[in-house]
Amino acid sequence: MKKVFVKSSSNLALIKYWGVLPDNIFGLRNHPTKSSISLTTDSLITITNLSIDKREPNQPLIERFILNGKTFKEDSKEYKNILIYLEKISNFYPSVLNYTYYIESKNNFPTAAGLASSASGFSALAVAIANTVPEIKQDLDNLGEMGERKLTILARQLSGSACRSIPKAGGLVIWYRGFTIEQFMNKNIDENSSYAESIIPASELKDIKIVLPLVKVDEKPIDSRTGMKRSVETSYLYWYWVEYEENVLLPRLIDRIKVRDYNNVWEIVIRASDGLHSIMLNSYPKIVYMNDVSHSIADSILELNSKFKENIAAYSFDAGPNPLIFTTDKYLDKVLDLVENMGHKYIISGVGEGAKIIDQEQIE
Ligand code: ADP
Ligand code: DP6
């Protein structure tokens with residue numbers, strides 16, 4: 001039996017991923033329509049313990065899956081997600097199906113609450129599988145430095161955003177779509193062109209803080225995979241948005257963050273969030289994740305910025321009502337005052353590193 005412990009952190013997007021190329025036209029797997037950029041967190045953490053054993057005839061592929069102390073059976077969506085991943089990975093490495101998997105995982109933050117537990121959870125699993133299945137481990141080891149890139153390509157097969165939690169240096173991570181508009185028109189896109197890498201390591205972004213007010217989460221009106229498919233298929237603003245972000249917002253964000261021009265960085269982050277939610281609203285039928293509390297927090301951040309005559313913080317929303325508030329150490333207390341005055345509990349995170357193998361003793 002082979003056994004491994006992996007620690008991974010969730011990542012939060014500054015420039016969002018929302019859609020993959022239709023696989024029936026492009027014949028590609030989970031290939032994003034646009035590049036996205038995220039910060040790997042240092043406080044929203046998953047620890048996954050994976051053991052694999054030779055699979056006997058008639059033995060299930062997943063022998064056990066425990067998440068946060070609860071066992072998930074074959075009929076649950078949580079179990080099926082992992083089964084689908086193993087099947088997808090077997091297209092790259094057929095020997096994946098020769099083993100049976102015992103998975104036990106814990107998130108130290110709320111699961112399925114809009115804080116990207118799927119990114120930390122699935123990236124941890126991808127790293128665990130890659131380090132236990134000998135065929136994958138050998139291939140990635142042979143690739144040397146390019147092994148990490150390949151691992152991000154594998155991780156995005158399970159959940160797109162998970163690939164951004166893989167790069168070890170963490171910090172500011174980009175997930176490239178890896179095609180030009182000409183290649184898109186000619187349907188000439190290489191599957192391996194879409195991968196993630198760190199562009200500013202966590203160690204250089206220690207001044208950034210992320211405040212996560214915990215807004216009550218009801219059942220999601222639509223899961224993100226189904227929602228993004230609807231946007232790609234029905235929003236008539238979709239490709240305009242994709243190309244604008246790809247060519248204007250994303251390069252500008254990288255340029256401004258490199259010189260720590262947070263006044264402009266935070267404006268870009270706010271615009272990218274509002275852009276995503278405009279595309280959701282422009283889908284048919286419309287997709288709405290933000291609620292009144294989300295909007296009131298967004299408005300308060302705008303007021304705070306206008307009071308300071310400078311953008312001292314940015315709000316951002318994913319596929320849920322929970323705000324992500326980005327700021328720097330210098331203004332953290334102002335943001336906390338605002339959130340506390342509005343009566344919300346919150347989590348604070350810094351910027352951290354990507355997924356890694358740990359010893360059992362390192363688990364607190
Ligand atoms: P979130 O906003 O937390 O990402 P989602 O509904 O998108 O919410 O994803 C939550 C799902 O991700 C869970 O229902 C489960 O299937 C999966 N997941 C979360 N954490 C883990 C984990 N540690 N290991 C395996 N799967 C996980
Ligand atoms: C709004 O990575 O959860 O959070 O690839 O279908 O698993 P799948 O989607 P997922 O989508 C995340 C979308 C987002 C924006 C982002 O994180 O970039």
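Below, all heavy atoms of this structure are taken into account, side chains as well, without hydrogens, waters or symmetry copies. Counting starts at 1 for both ligands and their atoms, in listed order.
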Below a 4.0 angstrom heavy-atom separation, can you tell me which part of [X], side chain or backbone, both or neither, approaches ligand 1?
X: K106; result: neither
X: F65; result: side chain
X: A319; result: neither
X: N107; result: side chain

message: What I want to find out is whether R29 reaches E191 closely enough, with some N-O distance under 4.0 Å, to be called a salt bridge.
response: yes
Looking at [X], which atoms of ligand 2 are within less than 4.0 Å of one of its heavy atoms?
X: A319; value: 1 (C)
X: G160; value: 2 (O), 5 (O), 7 (O), 8 (P)
X: K16; value: 18 (O)

Ligand-side contact atoms (ligand 1) for residue partner [X], heavy atom cut-off under 4.0 Å:
X: S105; value: 22 (C), 23 (N), 24 (N)
X: G121; value: 21 (C), 22 (C), 23 (N), 24 (N)
X: K77; value: 14 (O)

- prompt: Does ligand 1 have any atom sitting under 4.0 Å from a heavy atom of L125?
  reply: no
field: Sub-4.0 Å heavy-atom contact, R156 with ligand 2
entry: no
message: With the threshold set at under 4.0 angstrom, would you say S224 reaches ligand 2 through any of its heavy atoms?
response: yes
message: Consider side-chain hydrogen bond (donor to acceptor under 3.5 Å, both in side chains). Of W18, Y238, W241, W239, which one does T33 pass it with?
response: Y238
query: For L205 and L39, what are the C-alpha separation, side-chain angles and deciding distance, and is it a side-chain contact (heavy atoms from CB on, under 4.5 Å)?
result: CA-CA 9 Å; L205 292 170; L39 289 169; 4.0 Å; yes
statement: Min over M228, R225, Q157, R164 of heavy-atom distance to atom 9 (O) of ligand 2 lands on M228
field: Region of A13 that comes within reach of ligand 2 [heavy atoms, distance under 4.0 Å]
entry: side chain
query: Got F122 and N81 here, is their nearest side-chain heavy-atom distance under 4.5 Å?
result: yes
N186 (side chain) donor-acceptor with N188 (main chain) under 3.5 angstrom: no
